[in-house]
Protein chains: 2
Amino acid sequence: MLFMARKAPMTFDKHRSAGYLINHLARIFARNLSDRIQPLGLSTGTFPAMLALWEQDGRTQKELVALLDIEQATMANTLARMERDKLILRKRDAQDGRVQRIWLTERARALQAPATGAADAVNAAALAGLSASERDTFLALMGKLIAANTDTDPPDDPTPG
Amino acid sequence: MLFMARKAPMTFDKHRSAGYLINHLARIFARNLSDRIQPLGLSTGTFPAMLALWEQDGRTQKELVALLDIEQATMANTLARMERDKLILRKRDAQDGRVQRIWLTERARALQAPATGAADAVNAAALAGLSASERDTFLALMGKLIAANTDTDPPDDPTPG
DNA sequence: TATTATTGCATAGCATGCTATTCATGGCTA
DNA sequence: TAGCCATGAATAGCATGCTATGCAATAATA
């Protein structure tokens with residue numbers, strides 16, 4: 001026969017691979033969050049930007065890029081969708097014509113409570129099977145990993161000579 | 001002045017939100033894996049499918065969908081790219097003309113060792129800041145969360161009457 | 001057997017992420 | 001001041017995820 005299924009020797013266990021598990025878990029969380037915030041007119045990609053803007057708006061795109069650890073092009077596209085959906089306004093900075101400052105619409109401000117409530121509910125439901133100390137451990141470990149895997153070096157290190 | 005930055009009362013701490021942290025961590029891992037397997041001609045989306053097929057090929061699309069917890073349409077697109085890139089062949093099942101069985105090319109088989117090695121390296125580097133017991137705890141907690149948040153109900157529950 | 005329902009997969013359309021590139025503005029310097 | 005470099009943002013093109021829908025093959029049923 002032309003084709004015969006082959007089993008290669010097991011050299012990689014996806015259930016022991018952090019990257020594999022994190023990817024799977026992230027998709028599960030994203031699906032759950034999407035289900036809960038779509039009725040509000042929000043989506044998973046806009047949500048982190050909304051959090052940053054609810055905390056304080058008038059930020060520049062560059063500031064959001066740094067805060068959210070997302071590429072500039074990704075942020076530009078996300079902001080374009082948010083503007084299209086009347087969540088934000090972009091106004092040129094008076095001092096520097098290259099800069100656009102991002103302002104929430106009243107509609108967007110009104111979404112803060114229901115949207116963060118939805119996210120809290122998603123987190124609570126997903127973590128329901130863990131004890132309080134397991135939850136703390138899990139959050140702490142993720143924070144530690146993010147910190148350890150994020151460049152905090154100044155983007156500019158001349159050391160000329 | 002027309003616009004005045006507002007700070008809303010803090011009601012949501014992203015550093016304590018499992019979903020937020022998982023999303024961030026997943027992007028970090030994906031970027032790191034992409035850097036390492038792109039030279040091999042692989043990408044993050046094809047990687048889980050390759051793992052399943054290295055373990056055993058001749059599987060159907062439907063089997064891969066169930067194994068990887070991905071939507072059928074997503075898998076169809078991923079398989080189309082893999083076929084385009086000469087990683088797989090699709091052959092109609094002789095018994096059921098609707099079914100396509102997926103077979104690895106020799107080129108794809110040859111990638112198993114370098115690709116899983118790359119993934120191991122990514123995981124090891126990312127987790128380098130954790131102790132062995134912290135790593136075990138982290139993997140165990142993720143496994144627990146995935147299990148708790150995955151439907152294992154039979155897709156069909158008639159109970160008619 | 002003719003009709004209908006189910007099943008497996010493909011396609012359309014969109015959101016979200018990336019890299020590479022372009023564009024416009026501002027700053028520096030010869 | 002003119003020309004060059006730096007910076008902020010937009011655009012192009014692609015991968016990867018989703019939902020909704022279409023299509024072809026098979027199964028079930030009237």
Side-chain angles (χ1 to χ4, degrees), chain A residues 23-35 37-39 41-50 59-66 68-85 87-88 90-102 155-156 158, chain B residues 23-38 41-50 59-66 68-85 87-88 90-102 155-156 158:
Chain A
N23 172 268
H24 192 173
L25 207 45
R27 285 187 288 109
I28 289 170
F29 269 84
R31 289 191 292 232
N32 291 347
L33 182 63
S34 180
D35 287 347
I37 63 178
Q38 193 172 317
L42 294 178
S43 55
T44 58
T46 60
F47 195 82
M50 293 294 287
R59 297 186 198 265
T60 69
Q61 181 181 120
K62 184 183 172 129
E63 287 167 348
L64 291 173
V65 163
L68 305 186
D69 186 23
I70 214 84
E71 292 301 317
Q72 177 268 323
T74 300
M75 183 56 61
N77 283 328
T78 299
L79 291 173
R81 290 195 303 277
M82 292 170 74
E83 190 171 42
R84 179 201 63 190
D85 297 341
L87 292 168
I88 58 166
R90 284 188 277 193
K91 298 278 173 184
R92 289 217 167 274
D93 186 280
Q95 274 65 50
D96 188 335
R98 293 168 299 186
V99 173
Q100 303 233 354
R101 294 195 172 272
I102 315 296
D156 170 62
Chain B
N23 172 269
H24 192 174
L25 207 44
R27 285 187 288 109
I28 289 171
F29 268 85
R31 289 191 292 232
N32 291 347
L33 182 63
S34 180
D35 288 346
R36 297 246 198 182
I37 62 179
Q38 193 171 317
L42 294 178
S43 55
T44 58
T46 60
F47 195 83
M50 294 293 289
R59 297 187 198 265
T60 69
Q61 182 182 121
K62 183 183 172 131
E63 288 168 348
L64 290 173
V65 163
L68 305 186
D69 186 22
I70 215 84
E71 291 301 318
Q72 176 268 322
T74 299
M75 183 56 62
N77 283 327
T78 299
L79 291 173
R81 289 194 303 277
M82 292 170 74
E83 189 170 43
R84 180 201 63 190
D85 296 342
L87 293 169
I88 58 167
R90 284 187 277 192
K91 298 279 172 183
R92 287 217 168 275
D93 185 280
Q95 272 65 51
D96 188 336
R98 294 168 299 187
V99 174
Q100 303 233 354
R101 294 197 172 272
I102 316 294
D156 169 62

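Letters go in sequence order (proteins before strands), and every chain restarts at 1.
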Calculate, to the nearest 0.5 Å, the distance between atoms [atom1] and [atom2] belonging to [X] and [Y] respectively.
X	Y	atom1	atom2	result
T60(A)	R98(A)	OG1	CZ	11.5 Å
R31(B)	T44(B)	CZ	OG1	12.0 Å
I70(B)	T78(B)	CD1	OG1	7.0 Å
E63(A)	Q61(A)	CD	CD	11.0 Å
L68(A)	M75(A)	CG	CE	4.5 Å

What is the separation between atom [atom1] on [X] and atom [atom2] on [N], rounded to the nearest whole Å?
X	N	atom1	atom2	result
D93(B)	dC9(C)	CG	C1'	13 Å
R98(A)	dG27(C)	CZ	P	6 Å
M82(A)	dA9(D)	CE	P	15 Å
M75(B)	dA10(C)	CE	P	11 Å

N/O donor-acceptor pair under 3.5 Å between D85(B) side chain and L87(B) backbone | no
If the sugar-phosphate is the primed atoms plus P, OP1 and OP2 and the base is the rest, what is the B/S/- string for nucleotides 10-18 of chain D, using protein heavy atoms under 4.0 Å?
-> BB---SBSB
Will you find, in the side chains of N32(B) and R36(B), an N or O donor that is under 3.5 Å from an N or O acceptor?
->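 No.
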R81(A) and N77(A): side chain donor to acceptor below 3.5 Å =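 Short answer, no.
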Nearest nucleotide by nearest heavy atom, which residue falls closer to the 5' end of DNA chain C, Q95(A) or D96(B)?
->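 Taking each residue's closest nucleotide, the earlier one in sequence belongs to D96(B).
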Quantify the bending of the helix from dT1(C)-dA30(D) to dA30(C)-dT1(D) as the angle between its end axes, each fitted on five pairs, to 10°.
-> 20°
